[in-house]
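Quick caveat, the model's predicted, so the values are computed rather than measured.
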Amino acid sequence: MIRTHVIAGVCGVLVLAVMVELLRRRQLREKYAILWLGVSIVVIALAAFPGLLDWSAHRLGIYSPPNLLLFAAVLVLLLVAVHLSWEASRLEEETRTLAEEIGLLRMQVDALTPDRVPGTHAEIGAGDSGTTT
């Protein structure tokens, strides 16, 4: 039993260290790191105080403490999945809006740019229909 608690504690410390390092390198945003830092702190606390899970399960009326742990893990993963789905939907909408704005700006630039300026969209297709003599 002690071996399991030591492994859980080491894993919690490793996750905590990796999250801090990713934050330090600015490879992970703070709003995502807070969740994983919280999870690692809970894992470390449960590994350091094994009776805490038993006490929590008893207070909540759950017969088996591992069932509480499994339920909590599934709940956290479900919340992460919902949050990431929400973020993906929001970013998809923002990307669509930006693409529409770029299209409108290109139309305005093409309308204001004379046909003679090299490299413009209006110049393409103008001229002698692409035949050479």
In terms of hydrophobic clustering (I, L, V, M, F, W, Y; side-chain heavy atoms under 4.5 Å; direct or indirect links), are [X] and [Y] co-clustered?
X	Y	value
L112	L104	no
L16	I7	no
M107	V109	no
V10	V15	no
V20	V13	yes

Check E100 with R96, please: is the shortest side-chain N to carboxylate O separation under 4.0 Å? yes
Salt bridge or not for E87 and R29, using N-O below 4.0 Å?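 Between R29 and E87 there is no salt bridge, as every charged N stays at least 4.0 Å from the carboxylate O atoms.
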Residues in side-chain hydrogen bond (donor to acceptor under 3.5 Å, both in side chains) with R24, at least two apart? E21
Tell me the closest heavy-atom pair linking A47 and G9, and the distance in Å. CB-N, 3.4 Å
Can you confirm whether R90 is buried at CZ, in the sense that more than 12 heavy atoms of other residues, nucleotides or ligands lie under 6.0 Å from that atom?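 More than 12 within 6.0 Å, yes.
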Once side-chain contact (heavy atoms from CB on, under 4.5 Å) is applied, do any residues pair with Q27, and if so which ones, sequence neighbours excluded?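 Listed in chain order: L22, R25.
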Quick one: pull up SG in C11 and CD1 in I44 and give me the separation to the nearest 0.5 Å. 10.5 Å
Residue pairs fulfilling ring pair (Phe, Tyr, Trp, His ring centres under 6.0 Å) with at least one residue in residues 2-24, sequence neighbours excluded: none
Please table the atom pairs, donor to acceptor, closer than 3.5 Å between any side-chain atom in residues 68-86 and protein atoms at least two apart or in another chain.
from: S85; atom 1: OG; to: A81; atom 2: O; distance (Å): 2.9

For L105, which fellow cluster members are found when Ile, Leu, Val, Met, Phe, Trp and Tyr are connected by side-chain heavy-atom distances below 4.5 angstrom, either directly or through intermediates? none
Return all side-chain donor-acceptor pairs below 3.5 angstrom for residues 34-43, not counting sequence neighbours, or 'none' if the list is empty.
from: S40; atom 1: OG; to: W36; atom 2: O; distance (Å): 3.3
from: S40; atom 1: OG; to: L37; atom 2: O; distance (Å): 2.8

